[in-house]
Amino acid sequence: MGPGPSNVDPRVLRSMSQTMLSHLDPVFVRVMDDVQDGLRKVFQTRSPITLPISGTGTAGMETAMVNMIEPGDTVLVCTGGYFANRMAEIAQRAGGKVVRLEVPWGRVFEASDVRKAVERHRPRIVAFVHVETSTGTSQPIEPLAEVLNRDDIITIMDCVASLAGEPIDVEGNGLDFVYSGSQKCLSCPPGLAPITLSDKAIARLSERKVPVQSWYLDLMMLRKYWSDVRVYHHTAPISLNYALREALRIIEEETLPQLYGRHRLNHEALVAGLEAMGLEMFVEKEARAWTLNTVKIPDGIDDQDVRTGLLRRHGIEIVGGLGDLKGKVWRIGLMGYSSNRNNVHLLLGALEELLGEMGFVGGGGGAALRAASGVYRNAESQDAGIAPIPEEKPVRVG
Ligand SMILES: *Cc1c(COP(=O)(O)O)cnc(C)c1O
């Protein structure tokens, strides 16, 4: 229950034990087609260049930067956390003139501020993170997309921690270059970075005056392997592609609305439980991610002791803060296969017990589990079309 890798469905694990095929075998080519079709569905796009880069989420980030930036291009990076900083650093190494628009960690961007920065700096590229895993924020996409949807701007969005967890409509929002990672809400092992490009981004590729400095991540070549031409570029990680294909099938079976609903519900139940326990969330309600929850560590409680306790006693991993948030927050992931009611209950019960033993006087006495159960009960009664059930009364069985 950290910020990834998340747990993997046994179906996905089994798919990886299938026999090895050549990267140009006709059967593997069908696997590639399935992967691309499945990715188009989760990204919500029809884009021809929608494929998994061989590498982790950061390889997706790097692919975006080196293919979209030409030396000297002004790149506006909206930075409010660790991963946005990484974007800025890579953009700079790719030859971009980086301008940062900053918000304090834990906050999201207002469209009006982005508009002002765009008018002032006239960037060719604007980059932002959807779910910032270092802080637990979820940047509302639509308002930014409205400001950025212009012919002269390429918009790059990082959704490593949110694809297949929170609603993302790439085509509907006119996003140009969007990348993710396999090991978070897609619930695959790490090692693939799905990307998708708009027509505008594809045009930018062919208009380049300088070739992409990275041979391995050059999309002009890679696209030929991932299209009908099928020109060898590098050996695809075969087993990881089996895994991604199976994970995408599972997502399709669940359907996107159900999937988003599940992530939202488990997040709300977790937060209700944490707050009932007497803990405080780091991010304001409106800006909270569903896939990654940041909660403040109460005074007098040792960060590491709690995490070690959870891991030793229950095999639960949660993670501490990055950078300035080290020692100040815990980061609790509810991603993909890991986003389920049992995990929420187990963590809340275990945390309440541990904190109680350490002398933390919060809600206590099972308040956390009661609050979480209340959230689930309300959701169930809404689904069944009946009024929410009032506070529970003990039910006698038999
Ligand atoms: C995890 C993550 C990354 C980096 O992905 P790796 O797979 O670790 O390379 C980038 N951006 C965000 C928002 C992430 O959560």
Side-chain angles (χ1 to χ4, degrees), residues 1-8 39 42-43 52-66 77-91 93-94 103 105-109 127-141 144 155-168 170 175 177-196 214 216-217 237 240 243-244 247 263 267 282-283 287-294 317-323 325 329-339:
M1 300 181 78
S6 56
N7 288 347
V8 175
L39 287 178
V42 276
F43 275 127
I53 294 291
S54 308
T56 65
T58 309
M61 192 186 284
E62 192 124 11
T63 304
M65 297 304 171
V66 297
V77 185
C78 304
T79 52
Y82 178 90
F83 288 105
N85 283 340
R86 184 178 290 186
M87 276 180 138
E89 197 180 321
I90 296 178
R93 291 188 187 201
V103 287
W105 284 32
R107 304 274 271 282
V108 292
F109 291 87
F128 70 96
V129 177
H130 180 214
V131 165
E132 176 54 80
T133 326
S134 58
T135 63
T137 53
S138 179
Q139 172 67 47
I141 299 173
L144 290 206
T155 308
I156 298 178
M157 184 176 85
D158 175 319
C159 60
V160 177
S162 51
L163 185 70
E166 300 197 15
I168 290 171
V170 170
L175 302 165
F177 199 124
V178 180
Y179 64 86
S180 189
S182 53
Q183 79 275 27
K184 304 204 181 177
C185 301
L186 289 164
S187 277
C188 277
L192 289 176
I195 61 163
T196 188
S214 163
Y216 194 69
L217 301 176
L240 283 172
L244 183 54
H263 281 82
H267 155 75
F282 175 67
V283 177
R288 281 178 202 153
W290 302 340
T291 56
L292 196 282
N293 304 272
T294 39
E317 179 203 47
I318 66 166
V319 171
L322 273 177
L325 293 179
V329 299
W330 288 309
R331 294 186 297 145
I332 306 171
L334 285 172
M335 296 180 176
Y337 190 68
S338 300
S339 173

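Indexing begins at 1, ligand by ligand and atom by atom, following the structure's order.
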Keeping the roles fixed (side chain from Arg288, backbone from Val283), state whether a donor-acceptor pair exists under 3.5 Å.
-> yes
Among Leu292, Ile332, Val319, the one residue meeting side-chain contact (heavy atoms from CB on, under 4.5 Å) with Met1 = Ile332
Ligand 1: protein N/O within less than 3.5 Å of ligand N/O:
from: ligand 1; atom 1: 7 (O); to: Gly57; atom 2: N; distance (Å): 2.9
from: ligand 1; atom 1: 7 (O); to: Gln183; atom 2: NE2; distance (Å): 2.7
from: ligand 1; atom 1: 9 (O); to: Thr56; atom 2: OG1; distance (Å): 2.7
from: ligand 1; atom 1: 9 (O); to: Gly57; atom 2: N; distance (Å): 3.4
from: ligand 1; atom 1: 9 (O); to: Thr58; atom 2: N; distance (Å): 2.8
from: ligand 1; atom 1: 9 (O); to: Thr58; atom 2: OG1; distance (Å): 2.5
from: ligand 1; atom 1: 11 (N); to: Asp158; atom 2: OD2; distance (Å): 2.8
from: ligand 1; atom 1: 15 (O); to: Thr133; atom 2: OG1; distance (Å): 2.3
from: ligand 1; atom 1: 15 (O); to: Lys184; atom 2: NZ; distance (Å): 2.7

Determine, stepwise, if the pair Thr291 / Ser162 fulfils side chain to side chain donor-acceptor pair (under 3.5 Å).
-> CA-CA 7 Å; Thr291 56; Ser162 51; over 6 Å; no
Among residues two or more places apart or on two chains, list those pairs meeting salt bridge (charged side-chain N to carboxylate O under 4.0 Å, His left out) that have a residue in residues 77-89.
-> Glu89-Arg93
Measure from the side-chain N and O atoms of Thr155 to the backbone N and O of Leu175, and report whether any donor-acceptor pair falls under 3.5 Å.
-> no
Whether Ser338 side chain and Ser6 backbone form a donor-acceptor pair below 3.5 Å | no
